[in-house]
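See below for the structure under consideration.
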Amino acid sequence: QKDQRLYVFYHIYIPPDPEHALSVIEEQLNQVGSASAVSTSSGPSAQYNSTTVFYNTIGKKVNETFVEQVCQNNNLQCHYLNHYEKGFEFITLQDIQEFFTYTAIHDNYNLVYLHSKGTFHSQKESNVHLRRSMTTATNSNECHTALEQDTCNTCGLIFSAIRSPFYPGNFWAAQCRYIDQLLDPFEFRLKLEKATKRARRLRTRGKLTLHLLPELPSTLGLGRYAAEFWAGSHPSIRPCDVSNPDKHTWKYCCLLYTS
């Protein structure tokens with residue numbers, strides 16, 4: 001049997017009152033553990049020998065025993081990377097690249113990136129639906145079979161070319177060899193800032209217009225929003241998504257959505 005492993009990188013924000021965040025962590029790890037990216041009776045399927053989860057926590061420190069128990073219940077191998085009092089998704093995205101540097105395993109494996117969407121804005125009901133849908137999509141048999149068959153090299157709930165080639169919400173699955181080609185996430189953020197400044201100078205000179213979308217950090221990929229544009233930033237991207245191309249879903253998720 002082919003040695004096929006899945007690596008999951010999980011970025012977790014935990015507020016001062018951790019109760020809701022812990023329920024989100026448990027739910028997402030349950031989704032990963034019971035994902036349909038396993039053998040199925042109908043059609044081709046991606047089959048993994050093991051799933052390893054690497055996670056960072058931001059804000060309040062997590063109870064490692066709690067996470068470890070959830071991982072064991074789901075037959076997941078989990079590794080706590082680091083805790084940070086504050087920080088954005090770039091921290092965990094950079095850990096992905098460092099993992100490739102030190103392990104040199106990127107030729108034959110796939111990975112999933114997800115985060116605990118909704119633990120910061122816990123009162124937004126829309127975050128619950130988006131988080132569940134995006135977690136399901138990135139761990140789905142449809143996504144991972146497409147990656148295994150090299151139909152595409154990235155996959156998620158919805159891929160959008162509006163604003164930037166990206167997966168709204170920043171949950172995605174990908175071939176490791178594709179992600180390994182990307183710039184350092186922090187360097188990428190700086191390059192986006194420079195590109196925006198240059199575009200605005202060209203506009204001032206009458207050589208460029210910026211009318212398609214409002215000039216907001218979320219539409220330009222500035223600050224923390226650069227993390228959403230990172231995974232789709234290499235010209236060799238061949239994206240897949242698993243969404244129903246419903247116009248209302250598209251409008252909600254890709255045009256009006258801000259994480």
Side-chain angles (χ1 to χ4, degrees), residues 1-12 22-41 43-57 62-82 89 91-117 131-157 167 169-180 231 240-242:
Q1 185 181 22
K2 181 182 178 182
D3 179 20
Q4 191 67 331
R5 309 171 205 170
L6 177 66
Y7 297 94
V8 178
F9 286 81
Y10 187 21
H11 183 88
I12 302 170
L22 293 178
S23 69
V24 169
I25 294 168
E26 182 173 18
E27 179 182 88
Q28 286 187 288
L29 290 176
N30 287 344
Q31 284 184 273
V32 173
S34 61
S36 59
V38 295
S39 177
T40 62
S41 58
S45 63
Q47 301 181 52
Y48 294 107
N49 305 114
S50 65
T51 299
T52 302
V53 179
F54 298 98
Y55 66 99
N56 285 317
T57 55
V62 73
N63 183 329
E64 292 182 58
T65 303
F66 168 81
V67 176
E68 186 57 37
Q69 186 60 59
V70 176
C71 290
Q72 289 180 9
N73 293 343
N74 287 282
N75 198 30
L76 301 171
Q77 302 174 32
C78 293
H79 301 278
Y80 194 177
L81 296 177
N82 279 298
E89 292 179 61
I91 291 171
T92 305
L93 297 178
Q94 189 173 58
D95 282 334
I96 294 174
Q97 287 202 320
E98 291 181 356
F99 179 70
F100 294 150
T101 300
Y102 292 116
T103 60
I105 57 99
H106 54 79
D107 286 341
N108 301 310
Y109 299 105
N110 300 324
L111 68 90
V112 168
Y113 173 75
L114 51 89
H115 56 91
S116 59
K117 182 172 180 60
R131 182 185 66 246
R132 289 173 178 169
S133 296
M134 292 186 292
T135 304
T136 296
T138 53
N139 290 279
S140 68
N141 184 62
E142 290 80 2
C143 264
H144 288 269
T145 298
L147 295 175
E148 280 298 293
Q149 296 180 342
D150 204 30
T151 304
C152 52
N153 54 19
T154 62
C155 188
L157 179 63
Y167 289 96
N170 207 26
F171 284 52
W172 39 265
Q175 295 176 344
C176 293
R177 60 178 175 266
Y178 166 75
I179 296 299
D180 193 39
C240 289
D241 63 28
V242 298

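Residue numbers run from 1 in the order of the sequence given.
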Decide if the gap between the ring center of Tyr80 and the ring center of Tyr55 is smaller than 6.0 angstrom.
yes
Parallel, tilted or perpendicular, as decided by the 30° and 60° cut-offs, for the rings of Phe54 and Tyr7:
parallel
Which value, rounded to the nearest 0.5 Å, describes the distance between Met134 atom CE and Gln28 atom CD?
9.0 Å
Show the nearest heavy-atom pair for residues Cys152 and Leu147, with the distance to one decimal.
O-CD2, 3.6 Å
Just wondering, do Val67 and Glu64 contact through their side chains at under 4.5 Å, heavy atoms?
no
Does atom CG of Asn75 have more than 12 heavy-atom neighbours, drawn from other residues, nucleotides or ligands, at distances under 6.0 Å?
no
The reported gap from CZ in Phe171 to OG1 in Thr135 (rounded to nearest 0.5 angstrom) is 4.5 Å
Which of these, Thr136, Thr138, Asn139, sits in a side chain to side chain donor-acceptor pair (under 3.5 Å) with Gln31?
Thr136
Worked check of side chain to side chain contact (heavy atoms under 4.5 Å, CB included) between Phe99 and Asp180:
CA-CA 10 Å; Phe99 179 70; Asp180 193 39; over 6 Å; no
Testing the basics here: between Tyr48 and Arg5, what is the closest heavy-atom pair and its distance to 0.1 Å?
CD2-C, 3.7 Å
Minimal heavy-atom distance between Glu68 and Cys78, with the atoms involved, is OE1-O, 3.9 Å
A side-chain contact here means heavy atoms from C-beta on lying under 4.5 Å apart; do Leu114 and Val32 qualify?
yes
Output for pair (Gln94 CD, Asn56 CG), nearest 0.5 Å, gives 10.5 Å
Residues two or more places apart in sequence or in another chain: which of them pass side-chain hydrogen bond (donor to acceptor under 3.5 Å, both in side chains) with Asn63?
none
In this structure, OG1 of Thr52 is separated from CZ of Phe9 (nearest 0.5 Å) by 9.0 Å
Determine, step by step, whether Asn82 and Ile91 satisfy the side chain to side chain contact (heavy atoms under 4.5 Å, CB included) criterion, reporting the C-alpha distance in whole Å, the side-chain angles of both residues, the deciding distance to 0.1 Å, and the verdict.
CA-CA 10 Å; Asn82 279 298; Ile91 291 171; over 6 Å; no
Could you tell me which non-hydrogen atom of His115 sits nearest to which non-hydrogen atom of Glu89, and how far apart they are?
CD2-OE1, 3.3 Å
Please identify each residue that fulfils side-chain contact (heavy atoms from CB on, under 4.5 Å) with Glu26, with sequence neighbours left out.
Asn30, Phe66, Val70
CD1 of Ile96 to CD1 of Ile179: how many Å apart, nearest 0.5 Å?
6.5 Å
Can you confirm whether Tyr113 sits close enough to Asn170 that some side-chain heavy atom of one is under 4.5 Å from a side-chain heavy atom of the other?
yes
For the CG atom of Leu76 and the OG1 atom of Thr51, what is their distance to the nearest 0.5 Å?
6.0 Å
Validation row: Phe100, Leu111 side chains within 4.5 angstrom (heavy atoms):
yes
If we ignore angles and hydrogens, is there a donor and acceptor under 3.5 Å between the side chains of Asn110 and Glu148?
yes
Would you say the SG of Cys143 sits under 2.5 Å from the SG of Cys240?
no
